[in-house]
Amino acid sequence: MSYEDHVYHQERARQCQTMAESASDPDVKRRHEELASLHAGRAALYRDGRAPSAERQAI
């Protein structure tokens with residue numbers, strides 16, 4: 001994962017969390033929170049030095 005991927009996932013996690021906070025529908029809120037968590041997890045892989053190589057990356 002490149003640094004640009006890391007930045008992308010960080011930003012998407014922030015955006016999804018913001019959308020979750022403003023959602024009035026509980027299902028929509030839950031889905032945005034789930035996406036925020038997934039993006040934060042991907043960003044953490046880079047931060048923790050565990051980023052998968054491009055060959056193993058399934059995305």
Side-chain angles (χ1 to χ4, degrees):
M1 177 185 298
S2 69
Y3 179 73
E4 289 80 16
D5 293 331
H6 168 70
V7 171
Y8 168 79
H9 286 293
Q10 271 189 323
E11 182 59 28
R12 289 297 293 145
R14 278 191 291 271
Q15 290 171 348
C16 291
Q17 189 58 46
T18 298
M19 288 187 280
E21 291 166 2
S22 65
S24 58
D25 183 317
D27 288 332
V28 172
K29 180 180 186 76
R30 180 181 53 80
R31 290 184 188 259
H32 281 304
E33 288 171 339
E34 190 176 318
L35 284 170
S37 177
L38 291 171
H39 281 293
R42 294 292 293 181
L45 289 176
Y46 180 89
R47 184 186 64 234
D48 296 342
R50 296 180 289 133
S53 69
E55 298 84 42
R56 296 182 321 195
Q57 198 168 9
I59 294 178

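These numbers come from the heavy atoms of this one structure, side chains and all, not from hydrogens, waters or symmetry mates.
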From [atom1] ([X]) to [atom2] ([Y]), nearest 0.5 Å:
| X | Y | atom1 | atom2 | result |
| --- | --- | --- | --- | --- |
| His9 | Cys16 | NE2 | SG | 11.0 Å |
| Tyr8 | His39 | OH | NE2 | 5.0 Å |
| Leu38 | Arg12 | CG | CZ | 11.5 Å |

ask   = With sequence neighbours left out, what residues match Ala40 under side-chain contact (heavy atoms from CB on, under 4.5 Å)?
value =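 Per chain and number, Ala40 pairs via side-chain contact (heavy atoms from CB on, under 4.5 Å) with Ala13.
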
message = Test of understanding: with side-chain contact (heavy atoms from CB on, under 4.5 Å), list the residues that count as partners of Arg14, not counting sequence neighbours.
response =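 side-chain contact (heavy atoms from CB on, under 4.5 Å) list for Arg14, sorted by chain: Gln10, Glu11.
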
request  = Can you see which heavy atom on Glu33 is nearest to which on Ala20, and at what distance?
outcome  =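 Closest approach of Glu33 to Ala20: CG-CB, 3.6 Å.
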
Shared hydrophobic cluster, Tyr46 / Val7 (ILVMFWY, side-chain heavy atoms < 4.5 Å) =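 Linked within one cluster.
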
Partners passing ring-ring contact (aromatic ring centres under 6.0 Å, His included) against His32 (at least two apart in sequence or in another chain) =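 For His32 there are no ring-ring contact (aromatic ring centres under 6.0 Å, His included) partners, ignoring immediate neighbours.
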
